[in-house]
Amino acid sequence: MKRALFPGSFDPITLGHQDIILRGIKLFDEIVVAVGINAEKKYMFSLEERIEFIKKSFEDEPKVKVVSYEGLTVDFCKKVGAQFILRGLRNPADFEFEKAIAHTNRKLSEIETVFLLTSSRTSYISSSIVRDVIRNKGNYSVLVPNSVKMH
C-alpha cells in the first residue's frame, strides 16, 4: 500500500489543502492527514476543531485518515507506515522552505517527499490569510471547505 502523510497545522484547513488532498488521493492508496501539535504555537482553533473540520470535509472518502501527532514528521511516518510525505507548493518561497525540509527528512530517513503544485484557483490561499479574514470579520467562506464555514 502506498501511504502518504500530509502534515500541517490546518488552522484551519483551506480550499488549497483540500485540493492537494483530493489530487493526492489519485496518487496514493491512503492519505493520512496529520495535524501537528506544537506547544510553541498559538492556534485559532483547538486541535479537536481542526481534526473535526478535516474529518467532515472527507467523511465520504475512505482513503483519507485524520490523526494528530507530535515530534518529527519522519518518526511519525515510520509509526503509521507512510512511505511518502505529501506537500503542496503555492509559490517559489514555499518551494525553498519545503526543499530544505525535504532534504533534511531524506537525510534522516528513507521517506520521499512528493510535491504537488496548488491549483491556480487556490494558490493565493493560506491558513494565516484565512485567520486574518476571520479576525477582521470578513467573508472567509470562499477560502475554506464547508466544514469550516459551519463553525
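Given the structure is predicted, the values throughout are model-derived calculations rather than measurements.
- Looking only at side-chain heavy atoms (C-beta outward), K149 and N146 come within less than 4.5 Å of each other.
- Under 4.0 Å is where a charged nitrogen must lie from a carboxylate oxygen, and between E52 and K55 no such pair does.
- Atom NZ of K2 sits in a sparse spot, with 12 or fewer heavy atoms from other residues, nucleotides or ligands closer than 6.0 Å.
- When side chains are defined from C-beta on, I37 does not count as touching V35, because their heavy atoms never get closer than 4.5 Å.
- Here the side chains of Q18 and L22 are in contact, with some heavy-atom distance below 4.5 Å.
- The pair E98-R87 meets the salt-bridge criterion, with a side-chain N (NZ, NE, NH1 or NH2) lying under 4.0 Å from an Asp/Glu carboxylate O.
- No donor-acceptor contact under 3.5 angstrom links the side chains of D11 and S9, judged on distance only.
- Looking only at atom types and distance, the side chain of Y124 has no donor-acceptor partner in the side chain of S120 under 3.5 Å away.
- No side-chain donor-acceptor contact under 3.5 Å links S127 and T14.
- For the side chain to side chain contact (heavy atoms under 4.5 Å, CB included) criterion with I111, the lone passing option out of L5, I85, N105 is I85.
- With respect to the salt-bridge test (charged N to carboxylate O, under 4.0 angstrom), the residues D19 and R23 qualify.
- Aromatic ring pairs are classed by plane angle as parallel below 30°, tilted from 30° to 60° and perpendicular above 60°; the pair F28 and F84 is tilted.
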